[in-house]
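We name chains A, B, ... by the order of the sequence lines, and we start the count at 1 in each one. What you see below is based on every heavy atom in this structure, not just the backbone, and it leaves out hydrogens, waters and symmetry mates.
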Protein chains: 2
Amino acid sequence: MSNGVNVQALLDAREVLKGAPEAAQFTWRASSKWQHGVHSTTKIEKFFGLGQEQSHKNESVFEADHPAIFAAEDNGITPIEYLLVGLAGCLTAGVASVAQNRGIKLNSVEASVEGGHDIRGILGADPDVRNGFNDIKVVFTIDADASPADIEALVAQSQKRSAVFDALTNPTNVTVEVA
Amino acid sequence: MSNGVNVQALLDAREVLKGAPEAAQFTWRASSKWQHGVHSTTKIEKFFGLGQEQSHKNESVFEADHPAIFAAEDNGITPIEYLLVGLAGCLTAGVASVAQNRGIKLNSVEASVEGGHDIRGILGADPDVRNGFNDIKVVFTIDADASPADIEALVAQSQKRSAVFDALTNPTNVTVEVA
């Protein structure tokens, strides 16, 4: 039975990193350039972890812009939509990993994500409205060789260990500086 | 003087939406499919806002995976890195918009973003370590026809109105369900 996740490597990493906390310190990096209007391009390739510089096998390039109804050119998705991409990817990776660990074969996993957003916040139309999402809802549709209760438990465990779920549901300190 | 941002349209929208809060309710959407291992593909195209269904001019497709050092295939950036893409794009869009509104011509804007992450959290190696970022640091390098103090003020105002900055620094309610 395999969902393609090397769970043994992850369990081994857990044991090794228990005794080597400094190796567990990762730094993820992105560099962006403003293009024109509200359009920017962000590139991701290198990161730091396991005590040394690391690299993805390829550089990835992402465009962010605002849609035409915001009087912009729609050269890419909006910045806030990238958070939904991250959330979907993280929870799905978790479902696959937990299923592998529990011996559950996945046939298909789909997630639909919706983020409610009152744009009066970012426009400065109402100081009582926050800038970010009001709430986010994720609905999974999973076909697996498991009972509905076991599938529910997969999703619950994925949520419990999700980096992006934590980053969205709990505060992170973000500092912004000019060089 | 133009940075390419239609600030007048945004100021007009602010006034209109003050009297029409229901039109300001947006829903951003993403749909993802598990591929293999921890690799998933997420698509974004439609959204809801200004009281009706809307669409980006194109569908955008994003791959998320884990790198080779996590015993995965590195078919795309990690889910948590998508949060850095969103943050860079949002703050940069804000800098361009605020500069336009203040009559400041931008020559170039670059941002480097770093997210510190102790992966013992997601691996379950230490229950006291959180799953998400420890902290995030953004450094802007801006060339503009303005004083250093005015440039600092642009960045501060962008942060104050940023959807993604808010979403990362404050909690959002996220519900996860199985259909």
Check each atom of B:Asp126 against the heavy atoms of chain A and say whether the ones under 4.5 Å are side chain, backbone, both or neither.
-> neither
B:Pro148 portion near chain A, given a 4.5 angstrom heavy-atom threshold | neither
Under 4.5 Å heavy-atom distance to chain A, tell me which part of B:Lys43 shows up: side chain, backbone, both or neither.
-> neither
Are the side chains of A:Val95 and B:Trp34 in touch, meaning some heavy atoms are under 4.5 Å apart?
-> no
Pair B:Phe26 + A:Phe70: ring centers closer than 6.0 Å = yes
Any link between B:Ile122 and A:Leu83 through a network of hydrophobic side chains (Ile, Leu, Val, Met, Phe, Trp, Tyr) touching at under 4.5 Å?
-> yes
Report the C-alpha distance between B:Thr169 and A:Asn173 in whole Å, list the side-chain angles of each, state the deciding distance to 0.1 Å, and finish with yes or no for side chain to side chain contact (heavy atoms under 4.5 Å, CB included).
-> CA-CA 6 Å; B:Thr169 56; A:Asn173 186 42; over 6 Å; no
Measure A:Ala88 against the heavy atoms of chain B and call it side chain, backbone, both or neither at under 4.5 Å.
-> both
Nearest atoms (heavy-atom pairs only) where A:Leu123 meets B:Arg161 = C-NE, 4.2 Å
What part of B:Glu73 is in contact with chain A, defined as an atom under 4.5 angstrom from a non-hydrogen atom: side chain, backbone, both or neither?
-> backbone
Name the region of B:Phe48, side chain, backbone, both or neither, that has any atom closer than 4.5 Å to a heavy atom of chain A.
-> neither
Part of A:Val155 lying under 4.5 Å from any heavy atom of chain B = side chain
May I ask you to name which of A:Gln8, A:Gln159, A:His56, A:His39 has the most heavy-atom pairs under 4.5 Å with chain B?
-> A:His56
Close side-chain approach of A:Phe47 to B:Pro67, heavy-atom, < 4.5 Å = yes
Could you tell me which of A:Thr41, A:Leu11, A:Ile69 has the largest number of non-hydrogen atom pairs under 4.5 Å with chain B?
-> A:Ile69
Do side-chain atoms of A:Asp166 reach the backbone of B:Gly132 as a donor and acceptor pair under 3.5 angstrom?
-> yes
Heavy-atom pairs under 4.5 Å with chain A, option from B:Ser32, B:Gly49, B:Ala167 with the top count | B:Ser32
When hydrophobic residues are tied together by side-chain contacts of less than 4.5 Å, even through go-betweens, does A:Val109 share a cluster with A:Val7?
-> yes
Could you walk me through whether A:Ile136 and B:Thr175 pass the side chain to side chain contact (heavy atoms under 4.5 Å, CB included) check?
-> CA-CA 6 Å; A:Ile136 300 173; B:Thr175 56; over 6 Å; no
For A:Leu84 and B:Arg29, what are the C-alpha separation, side-chain angles and deciding distance, and is it a side chain to side chain contact (heavy atoms under 4.5 Å, CB included)?
-> CA-CA 7 Å; A:Leu84 304 184; B:Arg29 300 194 193 109; 5.8 Å; no
Would a hydrophobic clustering, with Ile, Leu, Val, Met, Phe, Trp and Tyr connected at side-chain separations under 4.5 Å, put A:Ile104 with B:Val178?
-> yes
Answer with side chain, backbone, both or neither: which region of A:Phe133 has an atom nearer than 4.5 Å to a non-hydrogen atom of chain B?
-> both
Is there a path from B:Leu168 to A:Ile44 through hydrophobic residues (I, L, V, M, F, W, Y) whose side chains come within less than 4.5 Å of each other?
-> no
Under a 4.5 Å cut-off applied to non-hydrogen side-chain atoms, are A:Arg120 and B:Pro21 in contact?
-> yes
Side chain, backbone, both or neither of B:Asn107 within contact of chain A (heavy atoms, under 4.5 Å) | backbone
Option in A:Ala72, A:Ala96, A:Ala30 with maximal non-hydrogen atom pairs under 4.5 Å from chain B | A:Ala30
May I ask whether A:Phe140 and A:Phe165 are part of the same hydrophobic cluster, defined by side-chain heavy atoms of I, L, V, M, F, W, Y residues being less than 4.5 angstrom apart, directly or through others?
-> yes
Are any side-chain N or O atoms of A:Asp135 and backbone N or O atoms of B:Val174, one a donor and one an acceptor, separated by less than 3.5 Å?
-> no
Is the backbone of B:Ala125 close enough, under 3.5 Å, to the side chain of A:Arg14 for a donor and an acceptor to pair up by distance?
-> no
Hey, are the side chains of B:Val164 and A:Pro79 touching, using non-hydrogen atoms and a 4.5 Å cut-off?
-> yes
Note: vs chain B, highest number of non-hydrogen pairs under 4.5 angstrom among A:Thr141, A:Ile80, A:Leu154 is A:Ile80
Checking B:Leu50 against chain A: side chain, backbone, both or neither under 4.5 Å from a heavy atom?
-> side chain
Highest number of heavy-atom pairs under 4.5 Å with chain A: which of B:Ala111, B:Ser112, B:Ala71?
-> B:Ala111
Quick one: of B:Thr42, B:Val5, B:Val113, who has the most non-hydrogen atom pairs under 4.5 Å with chain A?
-> B:Val113
Give a yes or no on whether the backbone of B:Lys160 and the side-chain of A:Asn131 come within a donor-acceptor separation of less than 3.5 Å.
-> yes
Return the orientation label for the B:Tyr82 and A:Tyr82 ring planes: parallel under 30°, perpendicular over 60°, tilted otherwise.
-> parallel
Could you walk me through whether A:Val38 and B:Ser97 pass the side chain to side chain contact (heavy atoms under 4.5 Å, CB included) check?
-> CA-CA 7 Å; A:Val38 294; B:Ser97 301; 3.4 Å; yes
Region of B:Asp65 that comes under 4.5 Å of a non-hydrogen atom in chain A = neither
Where on B:Ala64 is there a heavy atom nearer than 4.5 Å to chain A: the side chain, the backbone, both, or neither?
-> side chain
With chain A, the option among B:Ser2, B:Gly4, B:Ala23, B:Ala68 that has the most non-hydrogen atom pairs under 4.5 Å is B:Gly4
Tell me, for B:Gln54 versus chain A, whether the close heavy atoms (under 4.5 Å) come from the side chain, the backbone, both or neither.
-> side chain
So, A:Gln25 versus B:His117: side-chain donor-acceptor pair below 3.5 Å or not?
-> no
Look at A:Gln35, A:Glu15, A:Arg130 and state which one has the largest set of heavy-atom pairs under 4.5 Å with chain B.
-> A:Arg130
Residue from A:Asn170, A:Asn6, A:Leu87, A:Ile119 scoring the most non-hydrogen pairs under 4.5 Å with chain B is A:Ile119
For chain A, find which of B:Thr92, B:Asn58, B:Val138 contributes the most heavy-atom pairs closer than 4.5 angstrom.
-> B:Val138
Side chain, backbone, both or neither of A:Ser162 within contact of chain B (heavy atoms, under 4.5 Å) = backbone
Tell me, side chain or backbone of B:Leu91 under 4.5 Å from chain A's heavy atoms, or both, or neither?
-> side chain
Checking B:Thr78 against chain A: side chain, backbone, both or neither under 4.5 Å from a heavy atom?
-> both
Carefully, step by step, assess B:Asp74 and A:Lys57 under the rule salt bridge (Lys or Arg N to Asp or Glu O under 4.0 Å).
-> CA-CA 7 Å; B:Asp74 201 12; A:Lys57 70 183 180 195; 6.0 Å; no
Go through B:Ser60, B:Ala179, B:Ala24 and name the one with the most non-hydrogen pairs under 4.5 angstrom from chain A.
-> B:Ala24
Any chance you could measure A:Glu110, atom CD, to B:Ser40, atom OG, to the nearest 0.5 Å?
-> 11.5 Å
